[in-house]
2 protein chains.
Amino acid sequence: MGTTATQPSLWDRSRQAVVASIFDTAMRLFAEQGYEATTIAQIAKEAGISQRSLFRYFGTKEDIVCGEQEELGELLRATVEAQPAAATAWEALRAGFEVLMEAHGEPGKLLEITTLIFDTPPLRARYTQKRLRWQELVQPAVTARMPAGEGPLPQVRAAAVTATVFACVDAATEAWVRSGGSADLATLYDEALAAVRG
Amino acid sequence: MGTTATQPSLWDRSRQAVVASIFDTAMRLFAEQGYEATTIAQIAKEAGISQRSLFRYFGTKEDIVCGEQEELGELLRATVEAQPAAATAWEALRAGFEVLMEAHGEPGKLLEITTLIFDTPPLRARYTQKRLRWQELVQPAVTARMPAGEGPLPQVRAAAVTATVFACVDAATEAWVRSGGSADLATLYDEALAAVRG
DNA sequence: TGCCCGCTTGGCAGTGACTGCCAAGCGGGC
DNA sequence: GCCCGCTTGGCAGTCACTGCCAAGCGGGCA
């Protein structure tokens with residue numbers, strides 16, 4: 001639970017193996033038949049596990065795809081808060097996203113997941129919902145970096161800046177997915193933010 | 001279907017009456033017991049209609065709350081496109097939202113709906129999903145108002161501007177809801193956008 | 001007036017995601 | 001070899017949602 005990286009116990013690793021096995025099976029089936037057409041029963045059977053246990057690893061069908069966002073949120077928060085005090089809110093958030101982009105394993109797999117999410121409305125809705133959680137997580141750090149406001153408005157200002165950065169990340173990610181992964185995400189993000197703040 | 005306002009036929013109005021009756025029943029029950037604890041069966045029974053018919057009026061439980069967004073999207077698109085050519089993308093979008101704010105009936109009812117949406121994660125996810133549809137609708141009009149770009153990037157720039165405006169509307173709306181409706185939405189929006197573009 | 005046609009409605013049975021409950025297995029400590 | 005805790009699997013149930021079909025209702029037309 002804490003920030004200290006408790007090294008993975010044997011138990012953790014076997015759990016991770018099961019999770020990975022379910023995930024791979026599911027992604028294969030999603031690619032073959034589409035997300036909606038694939039049932040939990042089928043994933044469970046092909047992964048050699050009971051339906052009941054599958055739900056113990058992934059609370060929902062959507063979480064099989066969007067699940068790892070949970071941990072990443074904590075990494076984002078920590079990174080943003082660790083930025084030097086001189087950094088503006090914009091710079092701190094950008095640094096956070098740079099770390100996130102490097103935190104993913106193979107970029108190929110990330111592209112596959114992201115494409116699936118952006119092409120499947122319910123998945124995208126879930127994804128957005130989780131990103132909203134991220135916004136709440138970084139909000140304090142962003143508020144602390146805002147120029148001191150006058151009224152009860154600094155809250156709104158901080159929320160607006162945070163939401164804008166996420167919106168630009170979203171726009172950049174969408175363009176990245178539509179380019180089939182050939183474009184550079186960081187460049188797209190900078191372009192997006194420039195269009196907004198220019 | 002067209003833009004011409006075909007005046008409501010008798011049939012339309014009886015349909016509207018049923019819709020309103022279901023909606024009112026549902027909102028009352030949601031307020032009394034919460035959204036998740038209220039079942040479709042209960043809403044149908046109290047509204048004096050069969051479950052099957054309820055689903056013919058509202059495709060999903062979420063749409064009972066988020067349903068009217070569908071038509072409003074068209075209004076938004078038309079308004080943005082109708083802005084003078086000299087208006088910037090920012091101004092055109094702002095004008096669109098001003099019209100939307102006036103399009104709602106009683107502000108009290110709007111506050112009730114919006115509060116429910118913002119307090120209920122699945123509803124907010126659905127709401128965001130529909131707003132994404134709005135973004136797609138206005139995208140062409142926004143692209144047309146962007147300063148001519150160099151590469152394949154004007155798409156990203158337009159998407160970023162659009163997404164940012166929606167993000168600011170969201171931040172403003174959230175603050176408005178949290179204030180219990182006492183704050184002024186337009187003022188909050190201007191404050192939010194100023195924080196971003198300042 | 002009586003019939004017919006189209007549309008709306010309601011019931012029914014089914015699917016698919018998800019949950020609670022309980023019994024069986026399995027591993028490690030003693 | 002035994003016991004204890006945790007994980008697993010199966011079962012039955014709930015809830016949102018869908019397709020199908022049969023019944024009702026209203027309006028047009030002879």
Side-chain angles (χ1 to χ4, degrees), chain A residues 8-23 25-27 29-30 32-67 70 116-117 120-127 129-130, chain B residues 8-23 25-27 29-30 32-67 70 116-117 120-127 129-130:
Chain A
S9 68
L10 178 68
W11 179 85
D12 280 327
R13 273 186 288 121
S14 88
R15 179 188 170 90
Q16 277 310 108
V18 178
V19 165
S21 148
I22 297 172
F23 176 82
T25 307
M27 286 302 285
L29 290 172
F30 291 159
E32 287 172 11
Q33 324 171 332
Y35 175 79
E36 321 222 324
T38 306
T39 70
I40 292 282
Q42 192 181 7
I43 299 170
K45 180 188 281 183
E46 299 222 5
I49 200 179
S50 82
Q51 218 175 105
R52 194 63 188 82
S53 287
L54 194 156
F55 276 116
R56 279 196 264 259
Y57 286 99
F58 298 95
T60 69
K61 186 182 177 186
E62 286 147 3
D63 277 352
I64 300 177
V65 182
C66 302
E70 225 76 1
L116 178 62
I117 291 174
T120 313
L123 280 180
R124 180 142 188 201
R126 179 74 162 190
Y127 170 79
Q129 194 179 345
K130 298 217 165 188
Chain B
S9 67
L10 178 68
W11 178 86
D12 281 326
R13 272 186 289 121
S14 89
R15 178 188 170 90
Q16 277 311 107
V18 178
V19 165
S21 148
I22 297 173
F23 175 82
T25 308
M27 286 302 286
L29 291 171
F30 292 159
E32 286 172 13
Q33 323 171 334
Y35 175 78
E36 321 222 322
T38 305
T39 69
I40 291 284
Q42 192 181 8
I43 299 170
K45 180 188 281 183
E46 300 223 5
I49 200 179
S50 81
Q51 218 175 106
R52 194 64 189 81
S53 287
L54 194 156
F55 276 115
R56 279 196 264 262
Y57 287 99
F58 298 95
T60 70
K61 187 182 178 186
E62 286 148 2
D63 277 352
I64 300 176
V65 182
C66 301
E70 226 76 3
L116 178 62
I117 291 174
T120 313
L123 280 180
R124 179 139 189 204
R126 179 74 163 189
Y127 170 79
Q129 192 180 348
K130 298 216 166 188

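So that the names make sense, note that chain A is the first sequence line, chain B the second, and so on, each numbered from 1. Values below: all heavy atoms of this structure, side chains included; hydrogens, waters and symmetry mates excluded.
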Output for pair (B:E62 CD, B:L123 CG), nearest 0.5 Å, gives 6.0 Å
Sorted by chain and residue number, the side-chain hydrogen bond (donor to acceptor under 3.5 Å, both in side chains) partners of B:T60 (sequence neighbours excluded) come out as none
Those residues at least two apart in sequence (or on a different chain) that pass salt bridge (Lys or Arg N to Asp or Glu O under 4.0 Å) with B:E36 are none
The reported gap from CD1 in B:I43 to OG1 in B:T25 (rounded to nearest 0.5 angstrom) is 8.5 Å
Students should find that the nucleotides of DNA chain C closing off the region near chain B, any atom under 4.0 angstrom from a heavy atom, are C:dT8 to C:dC12
All stems that DNA chain C takes part in, i.e. 3 or more consecutive Watson-Crick or G-U pairs with distances under 3.5 Å, are C:1-30 with D:1-30
Review point. Does B:K61 count as lying over the ring of B:Y35, i.e. NZ or CZ under 6.0 Å from the six-ring centre, within 45 degrees of the axis?
Key: yes
Sugar-phosphate, base or nothing in reach of B:Y57, heavy atoms under 4.0 Å: sugar-phosphate
Would you check if the side chain of B:S21 reaches a backbone N or O of B:A17 as a donor-acceptor pair within less than 3.5 Å? no
Hits for ring pair (Phe, Tyr, Trp, His ring centres under 6.0 Å) against A:Y57, two or more places apart or cross-chain, chain-then-number order -> none
**Asked** Can you find a heavy atom in the side chain of A:D63 that is under 4.5 Å from one in the side chain of A:K130?
**Response** yes
Report task. Kindly say whether B:Q42 contributes a backbone atom to a donor-acceptor pair with the side chain of B:T39 at under 3.5 angstrom? Result -> yes
With distance as the sole test, does A:S53 use its side chain to make a donor-acceptor pair with the main-chain N or O of A:I49 at under 3.5 Å? no
When you compare the protein's N or O atoms with those of nucleotides 13-17 of chain D, which come within less than 3.5 Å of each other, and at what distance?
from, atom 1, to, atom 2, distance (Å)
D:dA16, OP1, B:K61, NZ, 3.3
D:dA16, OP2, B:I40, N, 3.2
D:dC17, OP2, B:K61, N, 2.5

